[in-house]
Amino acid sequence: MSGLRLREAFNRLLNHQYTQFLKRGAAAMMLTVSLSIPALAHHDENKELDVYSSGTKHSQELQSIQDRFNQAVKDRRIILVDRDWIQMNEAINNLPPGDTEQRKRYLVEYMVQRGQMHVPKEMFRNMSDDQLYDNPHAQTFMLRTAAGNQQVRVCTVYGARGEQDGPSAVRDFISASTAVHGPDIAGADIRLAPDARTYKQFVIYHEIGHCMDDWFVTGIRDAKTLGEQMSYFHRAESFADVHAALLMAREEGITDIAETIANTRLVNAALSGPYRSIWADPASKGYYSSYIYSTHRSVRATQDYIDKNGAQSLQALSYQEIAELARDIVDQNALSDFEAEVLLDLFDAKFDLSTWEKVKKDVPYIAKRYPVALQLKQEMEQALRTLLDLNHIPANQSALELMSFAGNPYMRMAELQAQQNPFADEIRAMVLSRVLLKEAGGKNASIKDLTETFIRSKDQWRADLLSADDTDRKEAQDNLKVAGRALRLAAQTIRDNAPSSNTPKPILVDQPSGPSGMGVS
């Protein structure tokens with residue numbers, strides 16, 4: 001590389017504090033650059049990205065949580081992926097839909113900018129497009145990358161999206177569908193739900209729990225049989241829920257979230273279990289998914305621990321000690337393999353235990369399982385009535401047995417698609433783009449002005465989601481839904497009216513090879 005080209009590269013990196021100093025090299029026309037992140041030495045200058053910081057309140061909260069963990073936990077690096085950052089930069093750069101390779105490059109750059117480390121693009125090679133960004137559900141990817149002579153465990157955590165209020169997040173979480181469960185159940189109002197911020201914080205701490213899990217995630221990898229693997233999956237998810245409940249008490253002072261989560265997990269199992277027993281392949285993880293997420297026993301034990309010892313007792317514990325406490329709670333309270341078998345039998349019976357009642361005296365197999373099945377059913381029934389407003393169903397009638405589960409795997413998809421109106425969303429995005437442009441200063445505004453306007457607007461829309469006015473909340477939710485598209489349109493308008501030289505400074509991203517990782521949701 002010529003001295004001039006190297007100076008240009010140095011200056012670009014200096015703008016983002018990646019370089020330390022530039023000095024004369026060993027021969028004429030040679031210069032030496034020292035980098036604060038050594039792995040950035042191999043850049044492909046033919047592929048450049050324009051990158052802007054995201055300063056939403058949600059982004060700042062993520063950075064704060066990430067910094068707290070990484071300062072205290074030295075044997076792994078936790079990166080909380082900020083969907084606001086990715087959405088904004090994809091929109092500003094007009095990233096084509098489905099461009100998975102480009103999206104991976106944004107993740108690489110995100111790791112540098114927000115995680116202070118370089119992760120090779122190839123580490124994301126096993127992640128599909130919806131996993132990279134479009135999947136609305138939270139998930140964690142565990143990677144290993146070289147740092148000097150050591151292998152570093154890197155956990156990239158996607159939290160919940162911010163485009164939902166508490167009740168709608170719970171409704172999505174339990175997967176209630178009128179096509180499958182009937183209007184009496186799926187159409188019922190949500191009675192018990194955390195506010196949107198509490199829900200998002202719990203999800204983040206749940207996903208970080210997977211990063212802190214040195215026991216059950218390893219068991220998933222090393223399991224010799226499908227049953228053993230599913231048992232470890234159940235314990236891994238129980239661990240993450242317990243870890244989250246403990247940290248909500250320790251970090252946020254919220255001490256009653258565990259009982260709410262226990263009810264939500266039970267309802268999710270009740271609504272999804274029989275459905276999966278009909279349609280899922282018994283040799284697949286999906287068949288066992290409702291059992292995997294039946295974490296209620298461990299979560300309720302956590303609530304008991306918090307109620308007995310108080311949140312202040314957790315303040316004296318390190319993050320590693322919190323993880324060890326979560327492990328102990330799960331070891332003592334996770335569903336046993338026998339309870340798992342009974343739970344799956346209960347799903348197969350669609351909660352109808354009348355036949356079990358008739359034959360239990362004569363069939364030892366049923367006699368042993370019946371009381372366990374009855375207790376599980378009663379727990380789900382109670383959780384269903386606690387979480388949903390089912391006052392229209394008599395107390396002496398089982399709400400669980402009212403569900404038909406007559407649908408097929410495509411009915412919920414069709415139902416959701418019927419609720420969406422892409423044309424209306426496009427119109428809203430166009431209108432919203434004009435609002436953003438006007439507030440940024442018009443067609444001749446800078447991209448920087450536009451991004452600052454977008455950040456302020458997104459903070460306001462999220463604040464509106466928490467307001468009591470249903471109209472404002474619905475409008476805010478619609479705005480958040482099309483925010484990326486609106487920003488893309490506004491940015492394109494500015495570019496169409498700007499001189500060709502009026503472009504932001506690029507950040508270079510390289511593509512070295514590296515190992516792959518595994519994901520846990």
Side-chain angles (χ1 to χ4, degrees), residues 57-58 61 83 135-138 159-207 241 244-245 248 252 254-272 293 295-296 299 303 380-393 399-400 402-403 412 415-421 425 458-483 521:
K57 291 178 181 177
H58 180 62
E61 287 180 347
R83 295 178 192 267
N135 191 335
H137 303 292
R161 288 199 178 194
E163 288 81 348
Q164 293 178 311
D165 57 10
S168 63
V170 169
R171 187 175 298 280
D172 180 67
F173 181 86
I174 63 177
S175 300
S177 166
T178 55
V180 176
H181 308 111
D184 285 345
I185 304 296
D189 291 335
I190 303 293
R191 295 180 56 190
L192 183 67
D195 62 65
R197 184 180 182 278
T198 299
Y199 169 76
K200 286 187 290 185
Q201 293 293 100
F202 181 89
V203 169
I204 289 170
Y205 290 134
H206 171 102
E207 297 303 329
D241 273 357
M248 288 296 287
E252 311 296 331
I254 298 175
T255 59
D256 59 353
I257 188 69
E259 182 61 26
T260 300
I261 296 301
N263 284 310
T264 305
R265 291 298 194 191
L266 279 166
V267 171
N268 178 61
L271 298 186
S272 65
Y293 287 95
T295 66
H296 56 286
V299 175
Q303 186 68 66
M380 290 184 190
E381 185 79 32
Q382 182 59 48
L384 200 62
R385 290 181 177 273
T386 300
L387 196 69
L388 304 179
D389 184 0
L390 300 180
N391 289 332
H392 56 288
I393 300 176
L400 292 171
L402 287 179
M403 296 184 287
R412 175 165 166 75
E415 179 185 35
L416 292 176
Q417 289 174 342
Q419 295 173 2
Q420 298 173 351
N421 189 334
D425 287 348
K458 203 159 191 182
D459 281 340
Q460 183 59 55
W461 298 331
R462 285 189 173 137
D464 290 343
L465 266 181
L466 300 177
S467 69
D469 189 295
D470 290 341
T471 301
D472 287 347
R473 185 160 56 241
K474 178 64 166 62
E475 182 177 358
Q477 196 160 351
D478 289 342
N479 287 345
L480 286 164
K481 182 180 179 182
V482 301
S521 59

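Computation of the quantities below employed the complete heavy-atom set of this structure, encompassing side-chain atoms and omitting hydrogens, waters and symmetry-equivalent molecules. What you are looking at is a predicted structure, and each value in this text was computed from that prediction instead of being measured.
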**Donor-acceptor contact present, side-chain D459 to main-chain K57, <3.5 Å** = yes
**Asked** Would you call L400 and I185 a side-chain contact if the rule is heavy atoms closer than 4.5 Å?
**Response** no
**Item:** Heavy-atom pair of closest approach, residues I393 and A399
**Value:** CD1-CB, 4.1 Å
**Prompt:** Which heavy atom of A245 sits nearest a heavy atom of F202, and at what distance?
**Reply:** N-CE1, 3.7 Å
**Message:** Under the criterion side chain to side chain contact (heavy atoms under 4.5 Å, CB included), I'd like the reasoning laid out for E61 against Q201: C-alpha separation, chi angles, the key distance, then a yes or no.
**Reply:** CA-CA 9 Å; E61 287 180 347; Q201 293 293 100; 3.9 Å; yes
**Message:** Using modelled atom types and a 3.5 Å cut-off, is there a donor and acceptor pairing between side-chain atoms of R462 and backbone atoms of R197?
**Reply:** no
**Request:** Measure across P167 and I190 and return the closest heavy-atom pair with its distance rounded to 0.1 Å.
**Result:** O-CG1, 3.8 Å
**Asked** Looking only at atom types and distance, does a side-chain atom of R171 sit under 3.5 Å from a main-chain N or O of A186, one as donor and one as acceptor?
**Response** yes
**Message:** To the closest 0.5 Å, what do you measure between CD1 (I254) and CG (D195)?
**Reply:** 7.0 Å
**Prompt:** Of the options L192, V170, L384, which is the one that meets V267 in a side chain to side chain contact (heavy atoms under 4.5 Å, CB included)?
**Reply:** L384
**Prompt:** Have T295 and D241 got a donor and an acceptor in their side chains that come within less than 3.5 Å?
**Reply:** yes
**Fill in**
Interatomic distance, CE@M380 vs CG@N268, rounded to 0.5 Å, equals 9.5 Å
**Prompt:** Partners of K474 by salt bridge (charged side-chain N to carboxylate O under 4.0 Å, His left out), sequence neighbours excluded?
**Reply:** D478
**Asked** Can you tell me if Q303 uses its side chain to pair, donor with acceptor, with the backbone of T255 under 3.5 Å?
**Response** yes
**Asked** Between atom CD1 of I261 and atom CZ of F173, what is the distance when rounded to the nearest 0.5 Å?
**Response** 6.5 Å
**Item:** Heavy-atom donor-acceptor pair, H296 side chain to R265 backbone, under 3.5 Å
**Value:** no
**Request:** Give, for atom CG of L271 and atom CG of L388, the distance between the pair rounded to the nearest 0.5 Å.
**Result:** 7.0 Å
**Asked** E252 versus T198: any side-chain heavy-atom pair under 4.5 Å?
**Response** no
**Fill in**
Smallest heavy-atom separation, D389 atom then N391 atom, equals OD1-ND2, 3.1 Å
**Request:** Rounded to the nearest 0.5 Å, what's the gap from CD on Q460 to CG on D464? Could you check?
**Result:** 4.5 Å
**Prompt:** How long is the span from the OH atom in Y205 to the CD1 atom in I257, to the nearest 0.5 Å?
**Reply:** 12.5 Å
**Asked** Would R191 and T386 count as a side chain to side chain contact (heavy atoms under 4.5 Å, CB included) if you check the C-alpha gap in whole Å, the side-chain angles of each, and the deciding distance to 0.1 Å?
**Response** CA-CA 7 Å; R191 295 180 56 190; T386 300; 6.0 Å; no
